[in-house]
**Student:** 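The structure is given below, and queries will be raised subsequently.
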Amino acid sequence: ALARGLFAQVAARFMPALAADIAADARGRVLVTRPDGTALQSHAAHLAEHFGTLLDADAAPEERHRRAEAVGRVHALAGMGADSVVRALGLYRSLLGEQLAASPLTARERYRLAQVAEARLQEELQLELRGHGAAIAEHYQIGASPLPSPGTPWVDAVEAAPAARGRPPG
C-alpha cells in the first residue's frame with residue numbers, strides 16, 4: 001500500500017515536470033502548448049494511469065506490454081522522437097529515486113522497489129521504442145507503395161491509390 005502511494009506521488013509529479021521539460025525544447029513545445037489545455041490534461045491523466053499499471057504488482061505482463069507499445073505508437077504519431085521517449089523515462093527514474101529516498105521505507109525495501117521499478121522501466125522503454133518504430137515503419141511503408149505503371153489511365157490510378165496505400169498508421 002505504501003509503495004502504491006509512493007508511485008502515485010511520482011506519477012503526480014511526473015506530468016508537470018515532463019511538460020516543463022518538453023516546453024523547453026522547441027520541437028516539443030507544440031505538444032504541450034494548447035490554447036484550451038485539454039489535450040495535455042487528457043494526456044496527463046492517461047500517463048498517470050499508465051504508470052500506475054506499469055508499476056502495479058497485480059498487472060498482467062501482457063497488458064503492460066500492450067499498453068507500452070501503444071504509448072510508443074502514440075508518441076511517434078504525435079511527433080515525439082525516440083530521444084524524447086528516453087528522456088521522459090529518465091525523468092521518471094529521477095523523480096522515482098527522489099521519492100524513494102524521501103520515503104519512510106527501510107533501505108532494503110527501497111532497494112527492492114528500486115530494482116523492480118528499474119526492471120519495469122527498462123522493459124517499458126524497450127516496448128515503447130518497439131511501438132514507436134513500428135508506427136514510423138508503417139508511415140514510411142505507405143509512401144513505399146508502387147506508383148501506377150506508365151500509361152495507366154488517371155481514373156484507374158486514382159481508384160487504385162487508396163487500396164495500395166491502405167490505412168494510415170494510428
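Quick caveat: nothing in here was measured; it's all calculated off a predicted structure.
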**Student:** Are Leu89 and Val116 joined in one hydrophobic group, where the rule is that I, L, V, M, F, W and Y side chains link up if heavy atoms are under 4.5 Å apart?
**Tutor:** no
**Student:** Can you list the residues that meet the ring pair (Phe, Tyr, Trp, His ring centres under 6.0 Å) rule with Phe14, with sequence neighbours excluded?
**Tutor:** Phe51, Tyr92
**Student:** If we only count heavy atoms from C-beta on, is the Leu91 to Arg87 side-chain gap below 4.5 Å?
**Tutor:** no
**Student:** Looking at Leu127 and His65, what are the two nearest heavy atoms and their distance?
**Tutor:** CD1-CD2, 3.3 Å
**Student:** State whether the side chain of Thr106 and the backbone N or O of Glu109 hold a donor-acceptor pair below 3.5 Å, judged by distance alone.
**Tutor:** yes
**Student:** What I'd like to find out is whether the side chain of Leu113 reaches to under 4.5 Å of the side chain of Phe7, using heavy atoms alone.
**Tutor:** yes
**Student:** Please examine the side chains of Gln99 and Arg13, heavy atoms only from C-beta on, and report whether any two atoms are closer than 4.5 Å.
**Tutor:** yes
**Student:** Going by an N to O cut-off under 4.0 Å, is there a salt bridge joining Glu123 and Arg120?
**Tutor:** no
**Student:** Please report the C-alpha distance between His75 and Glu128 in whole Å, then the side-chain angles of each, then the deciding distance to 0.1 Å, and finally whether the side chain to side chain contact (heavy atoms under 4.5 Å, CB included) criterion is met.
**Tutor:** CA-CA 9 Å; His75 287 156; Glu128 274 194 40; 3.5 Å; yes
**Student:** Is any side-chain heavy atom of Leu6 closer than 4.5 Å to a side-chain heavy atom of Leu96?
**Tutor:** yes
**Student:** Where the side chain of Arg73 meets the backbone of His132, is there a donor-acceptor pair that is under 3.5 Å apart?
**Tutor:** no
**Student:** Hydrophobic clusters here meaning ILVMFWY residues chained together by side-chain heavy-atom distances under 4.5 Å, can you tell me if Val10 and Val86 are in one?
**Tutor:** yes
**Student:** Report the C-alpha distance between Arg64 and Glu124 in whole Å, list the side-chain angles of each, state the deciding distance to 0.1 Å, and finish with yes or no for side chain to side chain contact (heavy atoms under 4.5 Å, CB included).
**Tutor:** CA-CA 8 Å; Arg64 285 195 332 265; Glu124 170 78 8; over 6 Å; no
**Student:** Hey, any chance Ile136 and Met80 share a hydrophobic cluster, counting ILVMFWY side chains that come within less than 4.5 Å of each other, even indirectly?
**Tutor:** no
**Student:** Count I, L, V, M, F, W, Y as connected when their side-chain heavy atoms are under 4.5 Å apart, and connections chain through other members. Are Leu105 and Leu95 then in the same cluster?
**Tutor:** yes
**Student:** Is there a path of hydrophobic side-chain contacts, each under 4.5 Å between heavy atoms of I/L/V/M/F/W/Y residues, joining Val71 to Leu129?
**Tutor:** no
**Student:** Excluding sequence neighbours, so at least two apart, what forms salt bridge (Lys or Arg N to Asp or Glu O under 4.0 Å) with Arg130?
**Tutor:** Glu69
